[in-house]
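Owing to the predicted nature of the structure, the values given are computational and were not obtained by experimental measurement.
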Amino acid sequence: MKIEDLAIPEPAKQVIIKSGITELYPPQEEAICEGALEGKNLVLASPTASGKTLIAELCALKHILERKGRVLYLTPLRALASEKYEELKRYSSLRKTDGRRIRVGISTGDYDSSDNWLGQFDVVVTTNEKADSLLRHRTKWMDEISLVVADEVHLLNDKDRGPTLEVVLARLLQINPNSQLLALSATIKNADEAAEWLNANSITTEWRPVVLKEGVARQNEILFKDGGATKIEKQSTNPAVNLALHIVGSGGQALIFASTRRNSVSLAKKASFEVNSRLSKPLKRFLQRLSEQILTAGERTRIGDLLAELVKRGAAFHHAGLSGAHRRLIEKAFRNGKIKILTATPTLAFGVNLPARMVVVHDYRRYEPGYGYYPISVLEYKQMAGRAGRPRYDKVGEAILLAKNEDEQDYLLESYVLAQPERIWSKLAVERVLRSHVLATIAADFAHTEQGIYDFFSKTFYAYQYEAKAIQGVITKILKFLHDERMIEVSGKDIHATKFGRRISELYIDPVTGVLVREALQIRAPRLTDLSYLHMISHTPDMFPKLRPYSREIDELALFVDQHGSEFMFPVPSEWEDHIAFEEFLGEAKLAWVLESWIAETSEDEMIGKFTVQPGDLYRIIDSAKWLLHASHELARLFKHKDILPGLSEVMQRVQKGVKRELLPLVRLEGIGRVRARILYNADLKTIADLKKAHIKKLTSLPLIGLKVAKKIKDQTGGFIKSEEWKKLKKGEESEQKAITEY
Ligand SMILES: Nc1ncnc2c1ncn2[C@@H]1O[C@H](COP(=O)(O)OP(=O)(O)OP(=O)(O)O)[C@@H](O)[C@H]1O
Ligand SMILES: [Mg+2]
């Protein structure tokens, strides 16, 4: 089927054709035949890169351009939300029947907001969590949604992110029973079941745009799924690098999945030594420039320096410890074919579109603290393998597992290559997860009787897969907890949320967090300091990521806890009576210490050295901390602890920027991050008034303050620059380009 022949407005077709797509892929055609454009609910399960997004786009266009509809696009990750947002924006030149252009919006952060401004958009892309939080605020425009796209719905199976997706879908179906639902999934065994739950038809295909050859390598031979075998010349002692070099030799790129960050780094190092001699001169020059870009993107750190060093030689690593800026640079360079060998942790397998001619799955086992090693699921293997083959560039993609001996080779062929992905199972019935959803059901008025709550949860995937009764026991227990903690009130059959309960639901925090913060603010530490607040939030179940103390840190952390004993809001567990709780407490203390160091202006590199906390982790910690400090501030307000509001608010601002108190006025300026603010402050430019008075030459004489930044400062502080002076300076500046990124 050609794009030309689709039942969508002509200008929309032109946008698609212009982007290089003229004909539908077979799974896309199937979806159209199943009534995707006629408003039918569909679950589309098909392999990586089989073009599921385009189906969603076609449906969205139909709704917006012909039915005055509104579209919600759900994704499991922020990175994915931005990717989809960018893709959808290419339709923003199209006009609706009222003559206005299509507006695309994105919203992923700030859970305590009803974001009514999102109502101006025709399509809104969000994460599942953000959508959940919006539903808790009963945001008006959500009642007008006519199409819900749920991307990567196989994540219903994920114990962390699955339950939220499930609840969001059930709620959206409840408030808009007539809206269309399009669920996109990797191939799974029970797509039918998910479809039945959602009252949808299901389409399952194995079609891929590039043929995928899966195999298992042992010594110098790859055994393929179809029984064929290929011998590989030995160019490296490392089997994964050897395969990668082989594919680079044939003009392709390789993506190696490693199980840990450390392995991904060491493999990238090995690869970089061996691939370097195979790069052309122009490519080396490009990589040299990229390497310099890496060094200047954000604060200098040892991890950035190492990455820059490897990139110069044609290889790189990609994991959650990297800063966002570095990750984006690496992704782009790999997509453009510049980086030849990329090693990555499995997080890359989800979502982000980064195909390579060859995928090597280095470890099929994964380690989880407390559980030990376990083999990954077939579903996960297939997601990684599916990244093999670049549409339009590669004829065939190869996905290879590594075996040490014949037995292992047989095992891997049997258990992964020839195996079918598992069924997905709802993970909703866990008390910790369900607590906040039960509260939200009451607080946001989705139900106000016990029966109403059961009825709502009987519409979830969990109830569909097991039976509604299985979840009732947990819900009853949770209701009792919520009642005991005064989050809900009961009169006769009627259940409603108290102010406290409603606020917790809106703040998007776990009810247990709410209780902990309420008690802490009531009882308080004997000596209330910044650390008290930072530890308080680190102690809550919502703090993520958690930090586990390394054994080498235990003594130092125990000493830290001892020295700061009077500043903690919660009693320190006894090391001898409850060792597990004690170590957990040390982990929380470490988190609080990390945050305290951050607002004492410790550099990102020092944070790696002192705490083994990498930039990516640090940003996630900061993100959680900002949200939990905001929540604490709101609860303090609710309980009328006026005396601590200014202190809490100040810590929150300092965590956001990573500065000491004295820099707060300076970092409020746009373009001024903590590094530049410190430079200004140390040059005796300590206040906005100082900056207003300062001569522009004084500003530009400082490190990291170029003309653009200086002008930006002047624009904001109200200073005046004579035009001839501006011209003179501009001439001098031309050779020296300094970016305005926040520093
Ligand atoms: N009909 C088509 N013709 C040519 N290219 C297409 C067509 N449909 C989609 N593509 C391209 O295929 C690529 C992969 O599509 P998409 O991201 O939608 O995959 P997906 O099925 O969502 O996979 P994943 O499981 O990785 O999310 C995109 O670059 C898209 O532009
Ligand atoms: Mg997709």
Would you find more than 12 non-hydrogen atoms of other residues, nucleotides or ligands less than 6.0 Å from N682 atom CG?
yes
Q614 and H319 have their tightest heavy-atom pair at OE1-CE1, 3.3 Å
Take atom CD of E577 as the centre, draw a 6.0 Å sphere, and report whether it contains more than 12 heavy atoms from other residues, nucleotides or ligands.
no
Under 6.0 Å between ring centres: does that hold for F500 and F639?
yes
Does atom NZ (K499) have a neighbourhood of more than 12 heavy atoms from anything else shown, all under 6.0 Å?
no
Should D690 and D684 count as side-chain neighbours, where that means a heavy-atom distance under 4.5 Å?
no
Note, V517 side chain near L521 side chain (heavy atom, < 4.5 Å)
yes
Going by distance alone, is a donor N or O of one side chain under 3.5 Å from an acceptor N or O of the other, for T513 and D542?
yes
In the structure I gave you, are the side-chain heavy atoms of I705 and L680 within less than 4.5 Å of one another anywhere?
yes
Side-chain H-bond candidate by donor/acceptor type, Y533 with E650, under 3.5 Å:
no
Evaluate the criterion side-chain hydrogen bond (donor to acceptor under 3.5 Å, both in side chains) for residue pair R654 and S649; output intermediate values, then yes/no.
CA-CA 9 Å; R654 289 177 55 200; S649 156; over 6 Å; no
Strictly by modelled atom types, are S632 and R637 linked by a side-chain donor-acceptor pair under 3.5 Å?
no
Indicate whether any N or O donor in one side chain lies under 3.5 Å from an N or O acceptor in the other, for D605 and S603.
no
Please identify which of these residues, K708, K712, K711, meets the salt bridge (Lys or Arg N to Asp or Glu O under 4.0 Å) condition with E670.
K712
Between H137 and L134, is there a side-chain heavy-atom distance shorter than 4.5 Å?
no
If we count only N and O atoms by modelled type, under 3.5 Å, do the side chains of R668 and Q716 hold a donor and an acceptor together?
no
Test F585 against H535 for ring pair (Phe, Tyr, Trp, His ring centres under 6.0 Å), laying out the working first.
CA-CA 10 Å; F585 198 90; H535 176 265; 4.7 Å; yes
Ring geometry between F560 and W593 (parallel below 30°, tilted from 30 to 60°, perpendicular above 60°)
parallel
E583 and H579 side chains, donor-acceptor separation under 3.5 Å:
yes
Do you know which of K660, R678, R674 makes side-chain hydrogen bond (donor to acceptor under 3.5 Å, both in side chains) with E601?
R678
Judged by modelled atom types alone, do E567 and T529 share a side-chain donor-acceptor pair under 3.5 Å?
yes
